[in-house]
Number of protein chains: 2
Amino acid sequence: MSTDTRQRLLDGALAAVRHHGVAGVSARTIAAAAGVNQALVFYHFGSVDELLAAACDAATSARVEAYATQLQAVRSLRDLLDVGRRLHEEERRLGNVMVLAQLLAGAQSEPRLVEPTARALGLWVEQIEATLTRVLAGSPVAEVADIPGLARAVSAAFVGLELYEGVDADGARWALGALEQLAVLVEVVDDLGQVAQRALKAKVRRKRVVKR
Amino acid sequence: MSTDTRQRLLDGALAAVRHHGVAGVSARTIAAAAGVNQALVFYHFGSVDELLAAACDAATSARVEAYATQLQAVRSLRDLLDVGRRLHEEERRLGNVMVLAQLLAGAQSEPRLVEPTARALGLWVEQIEATLTRVLAGSPVAEVADIPGLARAVSAAFVGLELYEGVDADGARWALGALEQLAVLVEVVDDLGQVAQRALKAKVRRKRVVKR
DNA sequence: GTCTATAGTAGGATAGAC
DNA sequence: GTCTATCCTACTATAGAC
């Protein structure tokens, strides 16, 4: 059946990227992973790049959707850290972040991959941004933090950490732990009394004025 | 001359990775960029991967050395941000972060690239860690922040940002701006009076105990 | 050390049988 | 829709002339 083969190719493309990286992926390795004939890559998708683009789109939408409800339930920074850690571990286990990292690397010199990878990363950014906005509402941190920018930084950082993990697993775990600990600082600030918070906000505003 | 050709190949390798990515780099593209014959890649380095490894090593040592004195002169967070921004812009202009990102992507499925890329990233981590340790000494932030872990997180994040920049330049700039602004929070905390700082430190310690 | 030439392999893509 | 067969290109790597 056609739809079945298409799906096998989409799955095979992800598997091949996980296993061989962008540098080693080809119509042949994808077809092998999918258990179908090599010519079908071109029949169904036209070219290897277009198949990779489609696979990236499909995989990311599916994963983001799977986490949307969990993220929407997040109300505190502590919740966010819990969901974030679960999300990171699961995506890593499924190899999805790796695929995104590899395709981003490929997109740097393959224009046809730019749009799909940007869109995929954009889907994650969207979710993270909405969640951060909700969680940090009213916090003094919201005075300093540019939340849309922060959501983008977090997304990019996870890609970098994934690549780092591949060459130094201990170092990457260390880095991840440090980021989680850093969130404690935000909690501490949020737990300050009203008076101290107001003083802090004032200080922050003064700094920002000076800075510009 | 031999040493001249070796150098041309090392430079050519970096140029080729910048231009074609790991996925598109080959003995031929490197030789073309170096303006030498393709067979010399194998004569001087044995294989493409070994040349890439050597180029990665050489380039990173050179760049880290070039920044070591500037980083050692950093005494405040404001200094660090200034040097950090200059460093980031220059490395980006030279395309060095891109090379590291591409080789990290390649290393995920090419074991021979693991050691050189880990070492290259390690050189940056070393510098950043030493600088952070110096700058944050005595700050309440040092109570929460696991500095070695943070140095690793920062290094990995820059790699991710570089890849992000390739598919969404505006988003990446936004992210970078957000991270710089976040540093203001640290400054604010550092500028608190003695009493407030002591109170904050105590709060942080309590949090950490609870957390474990 | 550097070049030419070439063997051998892998990949993109298409034509045509089924 | 799927498979076989095939063309063409680009690659790694080496042998051998200079």
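Sequence lines set the chain letters: A, B, ... in the order given, protein chains first and strands last, and positions in each chain run from 1.
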### Query
Which residues pass the side-chain hydrogen bond (donor to acceptor under 3.5 Å, both in side chains) test with B:Glu65, sequence neighbours left out?
none
### Query
With B:Phe45, which of B:Leu9, B:Leu52, B:Leu40 fulfils side-chain contact (heavy atoms from CB on, under 4.5 Å)?
B:Leu9
### Query
Expressed in angstrom and rounded to an integer, what is the separation of A:Leu40 atom CG from D:dT4 atom C1'?
12 Å
### Message
Could you check whether B:Arg119 pairs with B:Glu115 (Lys NZ or Arg NE/NH1/NH2 to Asp/Glu carboxylate O, under 4.0 Å)?
### Response
yes
### Message
What is the separation between atom CD1 on B:Ile30 and atom C1' on D:dA10, rounded to the nearest whole Å?
### Response
14 Å
### Message
So if I define the base as every atom that isn't primed, P, OP1 or OP2, how would nucleotides 4-18 of chain C read as a B/S/- string at a heavy-atom cutoff under 4.0 Å?
### Response
B------BBBB----
### Task
Using the test side-chain hydrogen bond (donor to acceptor under 3.5 Å, both in side chains), find all partners of A:Gln72 that sit at least two apart in sequence or belong to another chain.
none
### Message
Distance check, rounded to the nearest 0.5 Å: A:Arg152 atom CZ versus B:Leu179 atom CG?
### Response
12.5 Å
